[in-house]
Structure formats: structure tokens, C-alpha cells
Amino acid sequence: MAENHTPTLITQTHPKSAAAEAFRTLRTNISFSALDRPVQSLLVTSAGPGEGKSTTTCNLAVVMAQTGSRVLVLDCDLRKPTMHKVFDLDNRRGLTSVLVEGLDPAEVISPTLAAGLSVLTSGPLPPNPAELLGSGRMRDLLARLVAEHDIVLIDTPPVLAVTDAAVLAPQVDAAVLVARAGVTRLDMMQEAKTSLGKTGVHLLGAVLNGLRPESDGYYYYYHYKYYYGQHNGEGNNRG
Ligand SMILES: Nc1ncnc2c1ncn2[C@@H]1O[C@H](COP(=O)(O)OP(=O)(O)O)[C@@H](O)[C@H]1O
Ligand SMILES: [Mg+2]
């Protein structure tokens, strides 16, 4: 399957699929994660490209919105953004327009067909993504977006390719690391975990994408979450 293909909103097209069920399980795991307060900003990343960061972000957003939460998807992959394609939105203005031109986020956040789910697309690609994502403007924006929504889900580029996700990590409540069955090597996963660990972000766990049951006519996603249990000394050993 080509990496450039737009991620699928399987939670909308096939709400009764095993894949959609797996995303609901992931939602439950995140909402019960052992933090003292609800996770209001969640970074979704992975070691390499094509592992399912964007797929996880948009589908998790759909199932979170289905519980009545006000959910914002923030496309912080300013290198290969996909959220405007997933939700079929105009991307001439977006995050970078807010950060560079000072546009009011309210003007560029788009509602979607899913109730409670809005998207801030990437906007035009900038020459200096990491710098923008690490700016004071970005911090201020994130604080405002968090105040205006129940949860902000942040799609990012791969950790091992560029610093963008690591630059964002200190600004968010928590992160999940997506791995793709049969693609992500364990050493890459370890390296990504180490890089994120250095930022001090609370790593909730890993999401295993693309486990394919034997008797499968359609593709399935399956997400299995486990806790590293090494952050903040908390006993995160459910899973
Ligand atoms: N479990 C899966 N089964 C089939 N296709 C998948 C699966 N996960 C992702 N894909 C497809 O693989 C491609 C890359 O996924 P994507 O979520 O865009 O990865 P990333 O954002 O990490 O680069 C997309 O075309 C997506 O639809
Ligand atoms: Mg992506």
C-alpha cells in the first residue's frame, strides 16, 4: 500500500469493524490513563513514516467525538500534512497562517461532518517547521485550543526523521507512539521512545497498528496498548 494514500476514516465508514472497535478501546485506555487530570493535549507520533500516525489521529478523534467530547485535530505534520485530505478541507489557510500571519484560529478551524469534531489543517508548508512549532506563538495557540476543546489531538512527523515531534512534546500533556506490525523495527521503536523520553513528555504507551487477523477479507487495524511504566514512577501496568 502506498504511503502517499490518504488515511482512511474506518471508524466512520465501518463503525462496527474490529478496527473501529480497536480505536474505541484505545480511547478508553487513554481516558483511563494514570494522570492526575484528563489528557487535554495528546501528541501522536511514530518512529518512521507510513506507520499510522495520521490514521490513528483521525480515527481516535472520531471515536472521541462520539462520546460527546469537543475534539480538535491539529495537523502539526508541516512536512507531509494529510488531515485536510482526510476530512476534505481547504488547506490554503491553517496552522501556519495562524503562526506566521497571526490569523485568528477561530477563522481557520473547520467543523467536520462528525459532530463535535473540528480540524485545524496545516496551512501552507513553511520552510522552518521545527522553529514554528517551538515558538512562543505555538505555545500560546495550544493553550487557547486546549481551553476551547476537551481534547486536542496532534498529528506529527516521524520522531526519527525530524525534531518536530520532540519540539512539541514538552508542550503537551501526553504522547502515544504508533508502531506498525511488520514494519516498525524494535530498535527504531526504542530509539523513538528514547528521543521522546528526553523531552520529559508523559508517554502513555504504544499503539500497534495493522495486526491482521488470519481470516480477514478486509484490512483490519488492531491497537494494543501497553504501558512502559517508567514515567514519573507511576504504576502504569495495566494493558
Ligand atoms: N492498519 C492498516 N491497514 C491498512 N492500511 C493502513 C493501515 N494503517 C495505515 N494504513 C495506510 O498506510 C498509509 C500510511 O498511514 P498514515 O496513517 O498516513 O501513516 P503516517 O501518518 O504515520 O505516515 C495510509 O495510506 C494509510 O491509509
Ligand atoms: Mg501522517
Side-chain angles (χ1 to χ4, degrees), residues 1-27 42-64 72-89 91 94-96 119-123 125-126 129-130 133 152-169 175-185 188-189 191-193 195-196 203 205-225:
M1 77 211 66
E3 254 169 43
N4 291 334
H5 285 183
T6 306
T8 313
L9 277 178
I10 194 154
T11 45
Q12 271 183 354
T13 58
H14 298 75
K16 292 184 176 153
S17 63
E21 183 55 30
F23 281 111
R24 289 189 289 269
T25 303
L26 180 61
R27 172 189 70 197
L42 181 70
L43 186 94
V44 180
T45 195
S46 77
E51 293 175 323
K53 294 174 290 296
S54 302
T55 301
T56 301
T57 305
C58 61
N59 282 289
L60 187 57
V62 166
V63 297
M64 283 181 160
L72 179 75
V73 168
L74 180 57
D75 198 341
C76 286
D77 188 340
L78 301 182
R79 298 168 194 268
K80 288 187 180 169
T82 50
M83 288 303 130
H84 58 288
K85 295 183 203 156
V86 172
F87 293 100
D88 199 14
L89 299 168
N91 195 30
L95 173 61
T96 56
V119 179
L120 181 48
T121 64
S122 69
L125 300 193
L133 296 173
V152 179
L153 295 180
I154 304 169
D155 194 18
T156 62
V159 173
L160 298 187
V162 288
T163 58
D164 306 16
V167 163
L168 283 166
V176 292
L177 198 51
V178 178
R180 184 128 178 208
V183 174
T184 312
R185 294 199 323 262
M188 292 166 62
M189 191 71 175
E191 210 182 309
K193 184 196 160 198
S195 296
L196 281 178
L203 197 51
V207 174
L208 181 56
N209 173 31
L211 260 195
R212 183 188 280 262
E214 220 64 57
S215 61
D216 178 11
Y218 192 69
Y219 64 73
Y220 280 95
Y221 308 82
Y222 181 75
H223 295 80
Y224 171 69
K225 173 165 184 265

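Order of listing sets the numbers, starting from 1, for every ligand and every atom in it. Computed from heavy atoms alone, side chains included, the values below leave out hydrogens, waters and symmetry copies.
- Residue-ligand proximity: Arg180 is placed with a non-hydrogen atom under 4.0 Å from ligand 1.
- When each atom of ligand 1 is checked for a heavy atom of Thr55 under 4.0 Å away, the hits are 9 (C), 15 (O), 16 (P), 17 (O), 26 (C).
- Short contacts between ligand 1 and Thr6, defined as distances under 4.0 Å to a heavy atom of the residue, involve ligand atoms 27 (O).
- Residue contact annotation: Asn209 has a non-hydrogen atom under 4.0 Å from ligand 1.
- In this structure, the side chain of Asp155 does not engage the main chain of Pro81 through any donor-acceptor pair within 3.5 Å.
- Considering backbone and side-chain N/O atoms, Pro49 never comes within less than 3.5 Å of an N/O atom of ligand 1.
- Each of the following atoms of ligand 1 lies closer than 4.0 Å to a heavy atom of Gly210: 1 (N).
- No donor-acceptor pair closer than 3.5 Å links the side chain of Asn91 to the backbone N or O of Met83.
- Checked against a 3.5 angstrom limit, the closest N/O atoms of His5 and ligand 1 fall inside it.
- Taking any N or O of Gly48, backbone or side chain, none lies under 3.5 Å from an N or O belonging to ligand 1.
- Considering Val73, Val207, Thr11, Leu42 as possible partners of Leu60, the one that fulfils the side-chain contact (heavy atoms from CB on, under 4.5 Å) test is Leu42.
- At least one N/O-N/O distance between Ser54 and ligand 1 falls below 3.5 Å.
- Less than 4.0 angstrom separates some heavy atom of Glu51 from each of these atoms of ligand 1: 19 (O), 20 (P), 22 (O).
- When distances to the Mg ion (ligand 2) are checked against a cut-off of 2.8 Å, Ser54 contributes an N, O or S atom below that limit.
- Separation of atoms CG (Leu177) and CG (Leu43) is listed at 9.5 Å; rounding is to 0.5 Å.
- Here the side chain of Arg180 pairs a donor or acceptor atom with the backbone of Gly50 at under 3.5 angstrom.
- Checked by atom type and distance alone, the side chain of Thr45 pairs as donor or acceptor with a backbone atom of Pro157 at under 3.5 Å.
- Counting only distance, with no hydrogens or angles, the side chain of Asp75 and the backbone of Thr82 share a donor-acceptor pair below 3.5 Å.
- Side-chain atoms of Ser46 come within 3.5 Å of backbone atoms of Gly48 as a donor-acceptor pair (strictly under, hydrogens ignored).
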